[in-house]
Amino acid sequence: MTDAPFRPFETTLDRENALAALRDAVAGADDGELFLERRRSETIAYDDGRIKAASYDASEGFGLRSVRGEASAFAHSSEISESALRRAVETARLAVGGGGGVLDAPPRATNAKLYSDASPMDDASFPVKIETMREIDAFTRDLDRRVVQVSATVAASMQEVEILRPDGMLVRDARPMARLFVSVIVEDGGRRESGATGGGGRMGLSGLIDPGFWKATAREALRIALVNLRAEPAPAGEMDVALGAGWPGILLHEAVGHGLEGDFNRKETSAFSGLLGQRVAAKGVTVLDDGTLPERRGSLSVDDEGTPSGRNVLIEDGILVGYMQDRQNARLMGVAPTGNGRRQSYAHIPMPRMTNTYMLDGDAEPDAMVADLQDGIHAVGFGGGQVDITNGKFVFSCTEAYRVRNGKVGAPVKGATLIGDGPTALRKIKAIGNDMALDPGIGNCGKAGQWVPVCVGQPTLLMGGLTVGGSEDASRGG
């Protein structure tokens, strides 16, 4: 596959013929588009002193969609050709039926450029990437004799898309992505624990494989592992919880964010359905989804329908003011698209998805917030979780958390889970810190079998009355 820019209408398709096929597919429909994509990706995993895996993938294809009311018909092909496109038209016509639709107005044009169009895979040669990971392994082991295993992963990709709309509008975007991840296992006295962290975004690899960055990343992964090595069993019971800034925003993303996506609310399956204009959170809580942040993992110059991304306020001072929308759900709900129509690849249909979702700063000092915590935990790192969109109920595991009594941060705890529901948790926020931070660039989001990169963030939060799952009775002294 050539490294020349992806230009399917200059190499494999006649633009006028493709436009005619697209118009045939959407005649009598409400909406539709031809989405063309080329994606190249490289991943190298280095584990315990050797290369564990190295892969390079390249793919290209198109997806053709027609939309009529609530129905969508979609066909895709890994062959970009006029014959494949003509075959796809037959499938796309299935949603149109007898027609009668009126095509929506196209998205507005934009010249926004939130990231470079250079491929991050070209930033360093394969030997340089391997040597960097060898250095990460050796450096981390030299930091502490208790290190028994070091894993590092370098990943980079380049996604190039062209979106042709029925009015003839052609939207083009080139989307880089790079990521470095380090995991460390330590052992002492027969006990093993792990720690992991990383970073990245829509940027080149050069900054991530710079010694200043990877050394800080390795130190942080080791620090988390050593914290867990001395962790005590987590308490169990209902208590107040201080959530750290940055990556703990994943709880906000899962427990609240998905419930604010347009399709769940149009179908009235979200815990937030029908609540626009009503208070859904404590005063001071303002939540945004903002795809316009330069180089962030969830950012998009345009979404996968050609709509420019936006800075969308979802909750303002505790009041629900908006949902995230793609074009279809926006039309059916009588509102404007918000630039949140996303898809995993050309082989997937777009749907409302988050980009960079975060809560704005408050005015509380984080140290004072923790000092106000009389009996609870301070959770600063999170792993996996489960959420029920219909009621917002969540269960999240903590990867780094500390016991707090009488305002004093005590020993780290292991095995803590946070249990609650998003709508109730939002109302139980007692204080909002002035230290809002975004995660370092490691997030992925799954929905309906599709995965897309995202970013999360929040300031330190003090939340009352969450259920903490653990192995120790919280009422016991110590």
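Computed from a predicted structure; not experimentally measured. This chain uses plain numbering: 1 for the first residue, then up along the sequence.
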Flag the pair [X] and [Y] as a salt bridge only when some basic side-chain nitrogen lies within less than 4.0 angstrom of an acidic carboxylate oxygen.
X: Glu33; Y: Arg327; result: no
X: Arg93; Y: Glu90; result: no
X: Arg165; Y: Glu305; result: no
X: Glu261; Y: Arg342; result: no
X: Asp304; Y: Arg65; result: no

With the side chain counted from C-beta on, respond yes when [X] and [Y] share a heavy-atom pair under 4.5 Å apart, and no when they do not.
X: Phe272; Y: Leu314; value: no
X: Glu193; Y: Arg191; value: yes
X: Leu85; Y: Leu34; value: yes
X: Asn434; Y: Pro366; value: yes
X: Asn340; Y: Met354; value: no
X: Asp137; Y: Met133; value: no
X: Phe35; Y: Arg343; value: yes
X: Ile224; Y: Thr399; value: no

Is the side chain of [X] donor-acceptor paired with the backbone N or O of [Y] at a distance under 3.5 Å, no angle test?
X: Arg202; Y: Leu114; result: no
X: Glu37; Y: Gly61; result: no
X: Ser157; Y: Ser41; result: no
X: Trp247; Y: Pro440; result: no
X: Glu254; Y: Cys445; result: no
X: Asn228; Y: Ser194; result: yes
X: Glu295; Y: Met203; result: no
X: Thr269; Y: Phe264; result: yes

Problem set entry | Full working for side-chain hydrogen bond (donor to acceptor under 3.5 Å, both in side chains) between Asp47 and Gln149 | CA-CA 8 Å; Asp47 183 45; Gln149 186 172 348; 2.9 Å; yes

Rounded distance (nearest 0.5 Å) linking atom [atom1] of [X] with atom [atom2] of [Y]:
X: Phe396; Y: Leu418; atom1: CZ; atom2: CG; result: 9.0 Å
X: Thr43; Y: Lys52; atom1: OG1; atom2: NZ; result: 13.0 Å
X: Asp31; Y: Arg68; atom1: CG; atom2: CZ; result: 12.0 Å
X: Cys455; Y: Asp439; atom1: SG; atom2: CG; result: 4.0 Å
X: Leu36; Y: Phe9; atom1: CG; atom2: CZ; result: 5.0 Å
X: Thr338; Y: Asp303; atom1: OG1; atom2: CG; result: 8.0 Å

Between [X] and [Y], what is the shortest heavy-atom contact and its length?
X: Gly457; Y: Met436; result: C-SD, 4.5 Å
X: Glu60; Y: Phe6; result: OE1-CE1, 4.2 Å
X: Met324; Y: Pro352; result: O-CB, 3.7 Å
X: Gly63; Y: Phe74; result: CA-CE1, 3.7 Å
X: Thr417; Y: Val395; result: CB-CG1, 4.4 Å
X: Ala448; Y: Met351; result: CB-CE, 3.8 Å

Problem set entry | Verdict with reasoning, Ser72 to Ile349, per side chain to side chain contact (heavy atoms under 4.5 Å, CB included) | CA-CA 9 Å; Ser72 295; Ile349 201 162; 3.7 Å; yes

Problem set entry | With sequence neighbours excluded, residues passing side chain to side chain donor-acceptor pair (under 3.5 Å) with Ser77 |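 By the side chain to side chain donor-acceptor pair (under 3.5 Å) rule, Ser77 matches no residue at all.
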
Distance-only donor-acceptor hits, side chain of residues 118-127, under 3.5 Å, sequence neighbours excluded:
unit_1, atom_1, unit_2, atom_2, d
Ser119, OG, Met121, N, 3.3
Asp123, OD2, Leu205, N, 2.7
Asp123, OD2, Ser206, N, 3.2
Ser125, OG, Val128, N, 3.4

For this session: Output, in order, the C-alpha distance, side-chain angles, deciding distance and verdict of salt bridge (charged side-chain N to carboxylate O under 4.0 Å, His left out) for Lys447 and Asp263.
Result: CA-CA 12 Å; Lys447 177 180 176 181; Asp263 48 353; 3.0 Å; yes

For this session: Using the side-chain hydrogen bond (donor to acceptor under 3.5 Å, both in side chains) rule, pick out the option among Asn356, Asn312, Thr355 that qualifies with Asp289.
Result: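 Result: among Asn356, Asn312, Thr355, Thr355 is the only option passing the side-chain hydrogen bond (donor to acceptor under 3.5 Å, both in side chains) with Asp289.
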
Problem set entry | Glu160: which of Arg7, Arg40, Arg39, Arg175 passes side-chain hydrogen bond (donor to acceptor under 3.5 Å, both in side chains) |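 Result: among Arg7, Arg40, Arg39, Arg175, Arg40 is the only option passing the side-chain hydrogen bond (donor to acceptor under 3.5 Å, both in side chains) with Glu160.
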
For this session: Pick out which of Leu260, Asn265, Leu426 makes a side chain to side chain contact (heavy atoms under 4.5 Å, CB included) with Leu320.
Result: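 When side chain to side chain contact (heavy atoms under 4.5 Å, CB included) is applied between Leu320 and each of Leu260, Asn265, Leu426, only Leu260 qualifies.
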
Exercise. Side chain to side chain contact (heavy atoms under 4.5 Å, CB included) between Leu293 and Tyr358: does it pass, once the steps are laid out?
Worked result: CA-CA 12 Å; Leu293 304 177; Tyr358 57 95; 4.0 Å; yes

Exercise. Does CG belonging to Asp363 count more than 12 external heavy atoms closer than 6.0 Å?
Worked result: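 12 or below, so no.
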
For this session: Test Leu438 against Arg296 for side chain to side chain contact (heavy atoms under 4.5 Å, CB included), laying out the working first.
Result: CA-CA 9 Å; Leu438 297 172; Arg296 282 292 169 177; 3.5 Å; yes

Exercise. Passes side chain to side chain contact (heavy atoms under 4.5 Å, CB included), Glu220 versus Thr217? Steps please.
Worked result: CA-CA 5 Å; Glu220 177 64 5; Thr217 302; 5.8 Å; no

For this session: Take Arg86 and Asp24 through the test salt bridge (charged side-chain N to carboxylate O under 4.0 Å, His left out) and record every step on the way to the result.
Result: CA-CA 9 Å; Arg86 280 293 171 187; Asp24 286 346; 2.9 Å; yes

Exercise. What residues, two or more places apart in sequence or in another chain, satisfy salt bridge (charged side-chain N to carboxylate O under 4.0 Å, His left out) together with Arg297?
Worked result: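 Partners of Arg297 by the salt bridge (charged side-chain N to carboxylate O under 4.0 Å, His left out) criterion come out as none, since no residue qualifies.
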
Problem set entry | salt bridge (charged side-chain N to carboxylate O under 4.0 Å, His left out) evaluation trace for Glu70 with Lys267 | CA-CA 10 Å; Glu70 296 188 15; Lys267 299 171 185 177; over 6 Å; no

Exercise. Between Tyr402 and His378, how do the two ring planes meet: parallel, tilted or perpendicular, split at 30° and 60°?
Worked result: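 Tilted: the ring planes of Tyr402 and His378 meet at 30° to 60°.
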
